[in-house]
Participant: 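Sending over a structure as structure tokens; questions will come in a sec.
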Amino acid sequence: MLLQSAATVSLGIRRGRKDYSLWNTELGDIGRINFRDIPLLKELDKIDLVKLIPHFELLEYQAGATLFRQGDTGDALFIIVKGSASVVVSNHSGRAKIANLGPNDVIGEMALLTGEPRSADVEALTDLAVLRLKKISFDSLAGESISFSRHLNKILARKLYKSDIPPLSEETITSPLKENSHLLVRVCQWTLIFIIPAFIVLYGREMGLENRPSYFLAILTAMVLMWIFKLVDEYVPGLFVLSVTLAMGLAPTSLVLSGFASDGFFMALSFLGLGTVILISGLSYRVLLQLLFRLPNTQFWHNVGLLLTGFFLTPLIPSANGRMALVSPFAEDMADILHLKSQGAASTRIALSAFTGASLLSGVFLSSKSVNFIILGLLPRHMQDKFQWADWTLAAWVTGVLMLIMYVIGVHFVFHNQEIPRFSKEHMAAQMELLGKAGLKEWGAIVAVAVFVVGIVTLPLHKIQVSWLSLAILCGLLFSGSLNKKEFRERIDWPFLLYLAELVGIIRVFDYLGLDQWVGSGLSHIGVDKIMSGNFTLFITFIFIAIFFIRLAVPISATIVILAALFMPLAERHGINPWIIGFVILVLGEIWVFPYQCSYYLQLQEMNLKKQLYNENAFLKFNMLMNFVRIAAIYLSIPYWKMIGLL
């Protein structure tokens with residue numbers, strides 16, 4: 001156990017009725033409660049139960065106190081720990097006692113299940129100690145835990161409650177006017193999706209395109225508009241592009257579907273599998289409990305812990321998607337343990353820390369993304385040896401530190417709040433006690449992570465591609481039973497993997513049809529190479545603007561590869577170190593505005609759709625600020641690059 005001694009909490013009196021109730025008195029160690037003896041909880045999976053414990057409040061009532069009255073709103077359930085209580089029903093004939101309740105009995109669960117008012121008074125017969133679970137926590141677990149939901153259904157069936165449909169709230173009622181307005185907007189959006197691609201097909205030759213490239217560009221435009229207007233799920237437009245491309249014979253089938261056999265696809269699949277094992281085994285939760293136990297209980301240090309976790313993983317896992325799969329559960333569980341307000345400033349800051357830790361320094365370490373090795377490969381041979389692991393980081397660290405400093409300042413001012421994180425080390429002790437020693441699945445996750453880290457460190461010796469190394473680890477998890485068939489089917493984000501594979505195939509068709517060269521020639525015509533040699537600061541601004549618009553249609557890695565292939569060869573001719581051009585494109589290539597533009601943000605967004613952890617509008621607005629932070633950090637790094645002789 002993390003904490004052996006009993007915790008003392010504050011004493012308060014609730015008034016307003018004829019009786020007085022003592023709340024949050026000194027009750028002893030909650031870790032001594034055997035949660036498995038409680039009928040409502042005994043069928044829960046261990047990890048579900050561990051996550052539920054922080055939401056219990058240990059309260060005490062004096063004999064004769066009333067827990068709640070008939071007709072009250074059902075805002076919590078109670079589990080008796082010590083003492084006894086009576087259930088009293090009032091009707092036209094008077095009051096009648098219908099039951100006595102004792103230790104481990106549950107009070108008030110039916111009102112939470114059905115949304116109906118309390119059906120009886122509950123009074124303390126003796127001094128009473130209870131665990132209270134509020135409705136918001138109850139509903140959250142019921143929506144996420146299959147084991148808990150099944151058990152609740154059994155309770156409903158057993159008690160034969162007459163209704164299990166909650167009353168409609170005002171928010172669920174939509175007026176015909178709103179429905180018609182929404183329909184009109186959708187019609188206009190779909191009309192644009194047909195008109196703009198048709199314009200590209202009609203005037204493709206005037207833009208210097210042959211038939212097949214203009215057809216594909218038209219289809220690509222329709223895809224981007226679907227994403228921007230959010231007409232369908234993110235993976236659907238890409239599936240549409242691949243289907244139409246195949247039907248029209250615009251490119252070979254093997255090329256169109258190449259994303260499903262790409263290194264990135266298998267790497268993402270492997271990391272999602274590893275992240276699933278780390279999550280369901282309880283390893284991530286165990287690590288998080290240890291982290292929170294050792295860090296000071298302030299928002300600042302909680303966010304620092306998440307940031308450092310992401311930064312530690314950045315040079316070890318060469319995939320932002322893989323890192324996000326591992327870090328995002330930490331954000332979810334941390335906000336849960338600390339009882340942060342849903343979609344509040346503090347919980348949004350937690351989500352930003354997880355996202356930033358996993359992505360901000362992607363360009364600073366050579367091994368953080370596979371596309372970084374592509375940039376290395378585009379360097380002239382005599383320069384490649386000068387930008388290996390340590391030298392790459394030495395040239396890039398100033399930009400990374402500047403981005404981090406500006407991020408910390410920005411977060412402090414934008415998300416400053418007075419919310420106090422609330423967690424009990426006594427609850428944490430109970431959680432660690434229930435977790436017990438690491439099980440086989442946890443050890444499987446630990447071994448998998450260790451093998452991967454060793455494999456990355458020894459990469460120069462064995463020369464095995466990272467994608468094959470990660471796939472071998474996934475096979476090991478499946479063979480050992482650490483990840484079973486049901487978990488593999490239900491826990492892996494298959495729509496995201498489909499989306500990722502689609503993008504790889506789309507960009508390869510884009511190159512195959514010569515659209516990359518078409519874009520490059522257009523840049524030459526407007527004198528970009530002259531800007532590069534004459535005014536480097538202005539060139540960076542141009543790159544920023546170009547990436548902003550290209551990223552509306554093209555994924556991060558593809559944007560980086562296209563622009564690096566166009567501009568890095570030009571840099572050497574004009575006396576500029578090609579690495580700087582490649583690095584600038586790497587850093588600015590990460591800018592995005594709409595969620596569909598960033599595949600690893602979609603992972604965080606998917607979690608938020610289920611948990612409502614953070615305020616997405618506030619998150620996206622801050623991300624816009626971070627886009628400008630990236631270019632500011634590049635500008636401020638120029639004196640350093642001049643000092644070390646790169647400019």
Side-chain angles (χ1 to χ4, degrees), residues 207-208 360 362-364 371-372 374-380 382-384 386-387 391-392 394-407 410 515-554 556-593 597 624-647:
M207 294 187 295
L360 186 68
S362 292
V364 175
V371 73
N372 294 7
I374 296 176
I375 297 298
L376 181 67
L378 289 173
L379 291 173
H382 67 278
M383 288 189 180
Q384 290 184 16
K386 297 179 182 179
F387 289 97
D391 297 318
W392 180 294
L394 182 64
W397 74 271
V398 169
T399 306
V401 170
L402 288 170
M403 288 192 295
L404 179 58
I405 291 172
M406 286 185 276
Y407 164 80
L515 286 169
D516 57 336
Q517 298 175 9
W518 176 70
V519 173
S521 66
L523 294 174
S524 297
H525 280 114
I526 60 176
V528 174
D529 53 345
K530 294 179 181 178
I531 298 174
M532 180 191 294
S533 57
N535 190 331
F536 187 68
T537 303
L538 182 60
F539 175 72
I540 292 175
T541 304
F542 169 80
I543 288 291
F544 178 79
I545 296 171
I547 287 175
F548 179 85
F549 286 104
I550 293 172
R551 286 282 291 108
L552 291 174
V554 182
I556 292 173
S557 296
T559 299
I560 291 170
V561 171
I562 291 171
L563 292 181
L566 290 172
F567 292 120
M568 287 179 67
L570 290 176
E572 192 173 18
R573 294 179 213 160
H574 294 287
I576 299 174
N577 192 305
W579 178 87
I580 289 182
I581 300 299
F583 178 71
V584 168
I585 293 170
L586 275 175
V587 173
L588 298 184
E590 300 276 346
I591 66 175
W592 57 277
V593 178
Q597 294 176 279
M624 278 295 297
L625 175 64
M626 287 302 297
N627 290 337
F628 293 101
V629 161
R630 291 180 179 277
I631 191 171
I634 293 292
Y635 285 140
L636 294 173
S637 300
I638 290 176
Y640 171 72
W641 289 331
K642 289 181 177 178
M643 185 184 73
I644 62 176
L646 294 181
L647 270 178

Participant: What are the two closest heavy atoms between Y640 and L394, and how far apart are they?
Facilitator: OH-O, 2.7 Å

Participant: Flag the pair I580 / W641 as yes when at least one side-chain heavy-atom distance between them is below 4.5 Å, and no otherwise.
Facilitator: yes

Participant: Distance from L586 atom CG to T399 atom OG1, nearest 0.5 Å?
Facilitator: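 One finds 11.0 Å between CG of L586 and OG1 of T399.
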
Participant: Nearest 0.5 angstrom please: W397 CH2 to S637 OG, how far?
Facilitator: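 That separation rounds to 9.5 Å.
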
Participant: So which atom in W518 and which in M207 form the shortest heavy-atom distance, rounded to 0.1 Å?
Facilitator: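 Residues W518 and M207, closest heavy atoms: NE1-O, 2.7 Å.
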
Participant: Can you list the steps and then say if I581 with F536 is a side chain to side chain contact (heavy atoms under 4.5 Å, CB included)?
Facilitator: CA-CA 10 Å; I581 300 299; F536 187 68; 3.6 Å; yes

Participant: Which pairs pass side-chain hydrogen bond (donor to acceptor under 3.5 Å, both in side chains) with one or both residues in residues 543-554, sequence neighbours excluded?
Facilitator: none

Participant: Could you tell me which non-hydrogen atom of M568 sits nearest to which non-hydrogen atom of G582, and how far apart they are?
Facilitator: SD-CA, 3.8 Å

Participant: Measuring from I556:CD1 to E590:CD, what's the distance to the nearest 0.5 Å?
Facilitator: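 With rounding to 0.5 Å, CD1 (I556) is 4.5 Å from CD (E590).
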
Participant: Table please: side-chain donor-acceptor pairs of residues 538-550 below 3.5 Å, with sequence neighbours left out.
Facilitator:
from, atom 1, to, atom 2, distance (Å)
T541, OG1, T537, O, 3.3
T541, OG1, Y635, OH, 2.3

Participant: If every non-hydrogen atom of I560 is compared with every non-hydrogen atom of G589, which pair is closest and at what distance?
Facilitator: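 Nearest pair, atom of I560 first, then G589: CG1-CA, 4.1 Å.
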
Participant: Taking all atoms of both residues into account, what is the closest heavy-atom pair of A396 and G363, and its distance?
Facilitator: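 Answer, listing the atom of A396 first, then G363: CB-O, 4.2 Å.
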
Participant: Are M626 and L360 packed together at the side-chain level, in the sense that at least one heavy-atom pair is separated by less than 4.5 angstrom?
Facilitator: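 Yes, at least one pair of side-chain atoms sits under 4.5 Å.
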
Participant: What pair of heavy atoms forms the shortest contact from L402 to L636, and how long is it?
Facilitator: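 Nearest heavy atoms, L402 then L636: CD1-CB, 3.6 Å.
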
Participant: Would you say the side-chain atoms of N627 pair up with the backbone N or O of V593, donor to acceptor, closer than 3.5 Å?
Facilitator: no

Participant: Which pairs, with at least one residue in residues 633-643 and sequence neighbours excluded, count as a salt bridge (Lys or Arg N to Asp or Glu O under 4.0 Å)?
Facilitator: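 Qualifying pairs: none.
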
